[in-house]
Amino acid sequence: MPVAGYSAAALYGYSTARVKAMESKLITKDLMQNIINSKSVESMVSLLAQTDYKKDLEEFGGKELKSDLIDFALSRNLASNVGKLITVTPIVQKGIIRSIVGKWDLYNVKLAIDAKERNMKFESISRYVIDYGLYNASVLKEVMNEPNVESMISRMMINSPYKNLLAGALENYRKERSAVDVNRTIDRMYYNQLGSIITKLLDMHYESATIIKADIDMRNLLLLIRSKRYSVKFEQIEPSIIQNGSMKPAQLRDLYEGAKDMESLVKEIKVFDLSAELDRYRQMKRKELLIFEIGMQNSIFNKSIKLLRHSVLSIGTIVAYAYMKEIEVFTLRILIKGKAYSLGQDELSRMIVWKAE
């Protein structure tokens with residue numbers, strides 16, 4: 001739905017062209033398979049050096065890049081592309097996209113909180129930082145000099161658009177003294193605040209709203225899956241449930257309490273088809289729950305592909321690309337870490353089902 005006073009062509013013509021050009025640089029299915037088939041981390045990096053990641057990889061060492069810096073190079077590429085999205089978004093829609101990509105600001109905040117609680121220095125987490133936005137690498141390096149978690153959060157609140165959210169996180173930390181709990185609070189508050197954005201998108205571009213809802217569903221379902229594995233009662237995890245997904249809290253409760261174990265819970269999930277992932281999970285020697293996250297990420301990726309390729313002159317192209325790029329980096333990280341831990345091609349292929357065409 002165009003904004004009043006603007007035609008769709010005037011509003012989205014430039015941004016659509018720019019995002020389509022960015023999409024052309026995403027990794028193809030064939031290249032992703034070649035990365036899976038690589039014999040070593042070094043050969044994976046060589047393949048990535050032929051893509052849009054070349055500049056970022058060269059900045060940190062090129063083909064001789066040490067494995068502990070690959071995450072940082074991938075993060076820099078993600079940050080660069082996220083920043084472009086805000087730049088190309090029509091001015092009347094920038095607030096929506098800024099709210100959506102705010103998750104990467106908060107990713108860095110959560111990373112810093114967890115590290116500070118463990119008395120880790122910035123250098124210990126630098127390769128995982130997404131060098132983007134309000135809490136970029138240089139800001140995190142500075143705020144992590146604060147003596148404790150509370151003073152660090154307080155400092156990050158200064159002149160921040162996330163002040164209310166961080167205030168809630170600080171209150172939680174003072175009560176629970178747990179980085180895990182406070183980071184769950186940040187996630188829940190962030191996604192709950194996205195409720196107004198989802199409402200706008202439902203009227204403006206329904207398919208875009210469904211992708212954000214799917215992201216929320218994934219996070220809620222991962223919480224349920226992990227908790228069921230360890231026989232946690234629903235009441236203990238209920239405060240961490242995120243609102244605004246397609247599954248309401250009451251539906252999540254019914255799903256959780258109606259399942260006798262984790263595998264039966266996964267089998268009953270309807271918003272994602274995880275049957276193939278459940279079969280692979282059962283065949284694994286080491287039972288990795290990551291496979292279910294990968295399955296849900298792939299589903300969101302494929303929704304985003306359809307949205308990007310069938311949306312003409314709409315905000316949908318921008319929303320879809322944001323999720324596609326995030327999931328691409330997520331997948332590459334898994335593959336590179338898997339190869340670093342000597343996982344074989346068969347194991348990686350079972351974990352990753354890259355369906356991009």
Side-chain angles (χ1 to χ4, degrees), residues 27 35 41-42 44-45 48 52-53 55-62 64-83 101-146 148-149 152-153 155-156 162 165-166 169 173 178-187 190 215 218-219 222 226 288-290 293-294 297 322-341 343 348 351-352:
I27 290 177
I35 292 171
V41 171
E42 290 73 22
M44 287 180 168
V45 172
L48 286 174
D52 187 52
Y53 292 92
K55 179 180 176 182
D56 302 285
L57 292 168
E58 287 179 344
E59 185 173 343
F60 294 99
E64 304 303 318
L65 180 66
K66 294 181 180 179
S67 60
D68 63 347
L69 290 177
I70 295 175
D71 262 323
F72 199 77
L74 295 177
S75 294
R76 285 291 293 271
N77 184 273
L78 175 59
S80 172
N81 283 282
V82 167
V101 302
K103 69 165 76 175
W104 292 296
D105 275 332
L106 296 172
Y107 165 86
N108 285 345
V109 169
K110 292 185 293 180
L111 188 65
I113 290 171
D114 184 67
K116 193 66 182 176
E117 186 181 61
R118 297 166 186 258
N119 294 315
M120 297 166 67
K121 301 294 185 183
F122 172 79
E123 289 70 25
S124 301
I125 64 165
S126 62
R127 64 185 180 274
Y128 303 116
V129 173
I130 298 176
D131 193 15
Y132 155 81
L134 183 63
Y135 303 109
N136 59 27
S138 61
V139 171
L140 282 197
K141 186 173 184 179
E142 184 177 342
V143 300
M144 284 187 69
N145 287 325
E146 290 292 325
N148 54 54
V149 172
M152 187 180 73
I153 295 175
R155 186 166 177 183
M156 289 191 287
Y162 307 107
L165 186 152
L166 291 172
Y173 188 78
S178 165
V180 172
D181 283 341
V182 78
N183 286 344
R184 285 177 181 165
T185 297
I186 289 173
D187 277 342
Y190 165 72
D215 186 20
M218 177 185 71
R219 293 168 195 281
L222 286 171
R226 293 187 188 109
E288 297 285 353
L289 298 185
L290 178 63
E293 181 173 2
I294 293 169
Q297 291 274 22
Y323 280 92
M324 290 171 71
K325 186 64 184 180
E326 178 188 18
I327 294 168
E328 178 182 274
V329 170
F330 167 84
T331 304
L332 290 171
R333 281 175 166 159
I334 291 171
L335 289 174
I336 290 168
K337 287 177 182 176
K339 187 62 68 176
Y341 291 128
L343 292 183
L348 291 176
M351 290 179 70
I352 305 294

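It should be emphasised that the depicted structure is a prediction, and the values quoted were computed from it without experimental measurement.
Judged by distance alone, the side chain of Asn183 and the main-chain N or O of Lys110 form a donor-acceptor pair under 3.5 Å.
Here CG of Leu165 is found 5.5 Å from CG of Leu106. Values are rounded to the nearest 0.5 Å. Taking CD1 from Ile336 and CE from Met44, the interatomic distance works out to 6.5 Å, rounded to the nearest 0.5 Å. The distance from the OH atom of Tyr107 to the OH atom of Tyr128 is 8.5 Å, given to the nearest 0.5 Å. Expressed to the nearest 0.5 Å, how far CG of Leu289 lies from CG of Leu222 amounts to 8.5 Å. Taking CG of Leu111 as the reference point, atom CG of Leu140 lies at 7.0 Å (rounded to 0.5 Å). Here the CG-CG distance, from Leu332 to Leu48, works out to 5.5 Å after rounding to the nearest 0.5 Å.
Residues passing the side chain to side chain contact (heavy atoms under 4.5 Å, CB included) test with Glu117, sequence neighbours excluded: Val149, Tyr173, Ala179. Taking Asp52 as the reference, Asn77 meet the side chain to side chain donor-acceptor pair (under 3.5 Å) condition, with sequence neighbours excluded. When the salt bridge (Lys or Arg N to Asp or Glu O under 4.0 Å) test is applied to Asp181, no partner is found at least two apart in sequence or on another chain. Under the rule for a side chain to side chain contact (heavy atoms under 4.5 Å, CB included), the partners of Glu146 that lie at least two apart in sequence or sit in another chain are Ser151, Met152, Arg155. Qualifying salt bridge (Lys or Arg N to Asp or Glu O under 4.0 Å) partners for Asp131, counting only residues two or more places apart in sequence or in other chains: Arg76. Listed by chain and residue number, nothing satisfies the side chain to side chain donor-acceptor pair (under 3.5 Å) test with Asn108 (two or more places apart in sequence, or in another chain). With sequence neighbours left out, the side chain to side chain donor-acceptor pair (under 3.5 Å) criterion links Asn145 to no other residue. Every residue meeting the side chain to side chain donor-acceptor pair (under 3.5 Å) condition with Tyr162, not counting sequence neighbours, appears here in chain and number order: Asp105. With sequence neighbours excluded, the residues that form a salt bridge (Lys or Arg N to Asp or Glu O under 4.0 Å) with Lys103 are Asp215, Glu326. Lys325 meets the salt bridge (Lys or Arg N to Asp or Glu O under 4.0 Å) test with Glu328; sequence neighbours excluded. Val101 meets the side chain to side chain contact (heavy atoms under 4.5 Å, CB included) test with Val82, Ile86, Ile97, Trp104, Tyr132; sequence neighbours excluded.
Between Leu134 and Val139, the closest side-chain pair of non-hydrogen atoms is not below 4.5 Å. Inter-residue side-chain proximity for Glu293 and Arg226 is flagged as met; some heavy-atom pair is nearer than 4.5 Å. Taking the side chain as every heavy atom from C-beta outward, Ile70 and Tyr53 never approach each other to under 4.5 Å.
The minimum heavy-atom distance linking Ile186 with Ala169 is given by the pair CG1-CB, 3.7 Å. Across all their heavy atoms, Leu166 and Met156 have their closest contact at CD1-O, 3.6 Å. Between Lys121 and Met144, the closest heavy-atom pair is C-CE, 4.1 Å.
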**Request:** Take Ile125 and Met120 through the side chain to side chain contact (heavy atoms under 4.5 Å, CB included) test and state the conclusion after the steps.
**Result:** CA-CA 8 Å; Ile125 64 165; Met120 297 166 67; 3.9 Å; yes
**Prompt:** Should Ile27 and Ile35 be marked as a side chain to side chain contact (heavy atoms under 4.5 Å, CB included) after you check the CA-CA gap, both sets of side-chain angles, and the distance that decides it?
**Reply:** CA-CA 10 Å; Ile27 290 177; Ile35 292 171; 4.3 Å; yes
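Remark: the Arg184 side chain and the Ser178 side chain contain no N/O donor-acceptor pair separated by less than 3.5 Å.
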